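Single-structure report; data block below.
This one's a predicted model, so the numbers in the text were calculated from it and none came from an experiment.
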Amino acid sequence: MTAGLDADGPQLPPDQSGAGDAAAARGFFTSRYGNTKLRVGVATTWLSIIVLMPLAAIVWQSAGGGWEAFWQAITSNGAIQSFRVTLTVSFAVAVINLFFGLLVAWVLTRDDFVGKRLVDAIIDLPFALPTIVASLVMLALYGPNSPVGIHIQHTKWGVGVALLFVTLPFVVRSVQPVILELDREVEEAAASLGADNFTIFRLVMLPALLPSLLSGAGLAFSRAIGEYGSVVLIGGAVPGESEVSSQYIRTLIEFDDRTGAAAVSIVLLTISFVVLFILRTIGSRAAKRQELVT
C-alpha cells in the first residue's frame, strides 16, 4: 500500500480538513449577511448620528461660558437642591422596584392564575403610555380631590409614586427571562438535601439573578433621574421639595440660560453613565463567577 493511502483512498490531515470547513463557513456567513466592515461602519455611523453627535453638542453648549460658568451652574443653590431631590427619590425608587420587580417577575413566571396574560401585558403599559398622561393619572388619584383620601401632590412622595410607575417594567423585563431559564432540578436537589426556601433562593437562585437585577435597577435609576413628564403635574416643581433636575433644567431654559441647562444635563448624564457602568461591571463579574461554579 502506498504511503498516505489506505483502503478508502487519500486522506487529508485533520487540521487541513477543519480549516477548509471553517473557511467555507466564513464564506457562507460573509456572503449571506454581508461584509463585516460594512455592517460595523453603518452601525457606527448611525450611533454617531443618533447618540454621539447630540451628546457632543450638549457638551459643547455647556462649555460655552467656560469652566467657571459651568461650575457656577452646577453648584448653584437651585441645582444642588434639584440634585438632592432627584438622586434621593431615584435611589429609593430603584431599591423598591428591585424588590417588587423581582416579586412581580417571579409571580408571572412561576405562578398560574386567572388573568395572568392580562397582567403580563399591563406591565408594559408605562412604556406605551405618554408620561404626561401618567402624571395626570397620579394627580387624579393622589391630588386634592383624591378618591382614596391620599393627597401627596407637591411632595417627594408624589414624585416617588410617579417614578415607581414608569420604572417598574425595567426590572420586571430584565429579570423575567432569567427566571424562565433557571434550572428547577438544581432547586429540587437543594430541597432534597434539606435546604429551606430562603436558603435555596439565597444560594442557588440569587447568584444567577443578580446580573439581571442590577441591570434592571440601573436602567430604572437612570430613567428616574431624567424623567420629566410623569412628575410635572404631581410633583409641582416646589424648589427643595419636589423639583427634580429635569424640571429645574426646564426652568433654566425658560429664563434663556441654555448654558446652565446644558451643564446640569451633563451632570445627570455623567451620573447615569457611571451608575450603569458600575452595575453592569458588577453584574458581568457575578455572571462569570456563576459560570465557573456551574
Side-chain angles (χ1 to χ4, degrees), residues 43-94 126 130-136 138-139 153-156 158-160 162-163 165-167 170 217-281:
T44 302
T45 301
W46 183 250
L47 181 65
S48 299
I49 295 173
I50 299 300
V51 178
L52 298 182
M53 288 178 63
L55 290 178
I58 197 171
V59 170
W60 176 81
Q61 188 170 34
S62 68
W67 170 251
E68 184 177 353
F70 179 88
W71 182 254
Q72 288 179 352
I74 65 174
T75 57
S76 64
N77 185 55
I80 295 298
Q81 287 183 338
S82 72
F83 290 148
R84 178 174 55 81
V85 173
T86 301
L87 296 178
T88 301
V89 177
S90 298
F91 178 78
V93 164
T131 54
I132 189 65
V133 176
S135 188
L136 185 62
M138 294 299 168
L139 183 63
Q153 185 184 14
H154 298 172
T155 66
K156 292 186 181 72
V159 174
L163 294 180
F165 174 79
V166 298
T167 59
F170 289 100
L219 291 173
F221 177 83
S222 297
R223 170 65 183 273
I225 67 173
E227 181 60 28
Y228 176 80
S230 64
V231 301
V232 65
L233 298 179
I234 189 68
V238 179
E241 177 61 30
S242 63
E243 184 182 47
V244 294
S245 294
S246 58
Q247 293 175 301
Y248 179 69
I249 291 171
R250 174 63 182 271
T251 301
L252 292 176
I253 293 175
E254 290 176 348
F255 283 95
D256 201 28
D257 185 5
R258 297 183 180 275
T259 300
V264 175
S265 300
I266 289 297
V267 173
L268 294 181
L269 284 169
T270 302
I271 293 173
S272 178
F273 176 79
V274 170
V275 169
L276 285 174
F277 180 79
I278 292 174
L279 291 181
R280 289 189 176 183
T281 300

Less than 4.5 Å apart, any side-chain heavy atom of [X] and any of [Y]?
X: Glu241; Y: Val85; value: no
X: Phe83; Y: Leu268; value: yes
X: Leu252; Y: Val264; value: yes
X: Val133; Y: Pro130; value: yes
X: Val89; Y: Val231; value: no

[atom1]-[atom2] distance between [X] and [Y], expressed to the nearest 0.5 angstrom:
X: Ser242; Y: Gln153; atom1: OG; atom2: CD; value: 9.0 Å
X: Leu276; Y: Thr281; atom1: CG; atom2: OG1; value: 10.0 Å
X: Ser222; Y: Phe170; atom1: OG; atom2: CZ; value: 9.0 Å
X: Phe273; Y: Ile278; atom1: CZ; atom2: CD1; value: 10.0 Å
X: Leu47; Y: Met53; atom1: CG; atom2: CE; value: 12.0 Å
X: Leu55; Y: Leu269; atom1: CG; atom2: CG; value: 6.0 Å

[Y] backbone acceptor or donor facing [X] side chain under 3.5 Å:
X: Thr167; Y: Leu163; result: yes
X: Gln81; Y: Arg84; result: no
X: Ser230; Y: Ala134; result: no
X: Ser82; Y: Glu243; result: no
X: Gln247; Y: Val244; result: yes

- Item | Derivation of the side chain to side chain contact (heavy atoms under 4.5 Å, CB included) call for Val166 and Arg223 | CA-CA 8 Å; Val166 298; Arg223 170 65 183 273; 4.2 Å; yes
- Item | Tyr228 atom OH, neighbour heavy-atom count above 12 within 6.0 Å |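 Result for OH/Tyr228: enclosed.
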- Do Glu254 and Thr251 have a side chain donor and acceptor closer than 3.5 Å?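 Distance-only check fails for Glu254 and Thr251.
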- Message: Between Ser245 and Thr86, is the side-chain hydrogen bond (donor to acceptor under 3.5 Å, both in side chains) condition met? List the steps.
- Response: CA-CA 6 Å; Ser245 294; Thr86 301; 3.1 Å; yes
- Could you list all the side chain to side chain donor-acceptor pair (under 3.5 Å) pairs where at least one residue sits in residues 255-270, not counting sequence neighbours?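 Matches after skipping sequence neighbours: none remain.
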Closest contact, heavy atoms only, [X] versus [Y]:
X: Ser246; Y: Glu227; answer: OG-O, 2.6 Å
X: Ser272; Y: Ile225; answer: CB-CD1, 3.8 Å
X: Ile74; Y: Ala263; answer: CG2-O, 3.7 Å
X: Ala79; Y: Ala73; answer: CB-O, 3.3 Å

- Can you check side chain to side chain contact (heavy atoms under 4.5 Å, CB included) on Ile266 and Phe70, steps first, answer last? CA-CA 10 Å; Ile266 289 297; Phe70 179 88; 4.3 Å; yes
- Task: Show the numbers, then the answer: is there a side chain to side chain contact (heavy atoms under 4.5 Å, CB included) between Leu219 and Arg280?
- Result: CA-CA 10 Å; Leu219 291 173; Arg280 289 189 176 183; 3.7 Å; yes
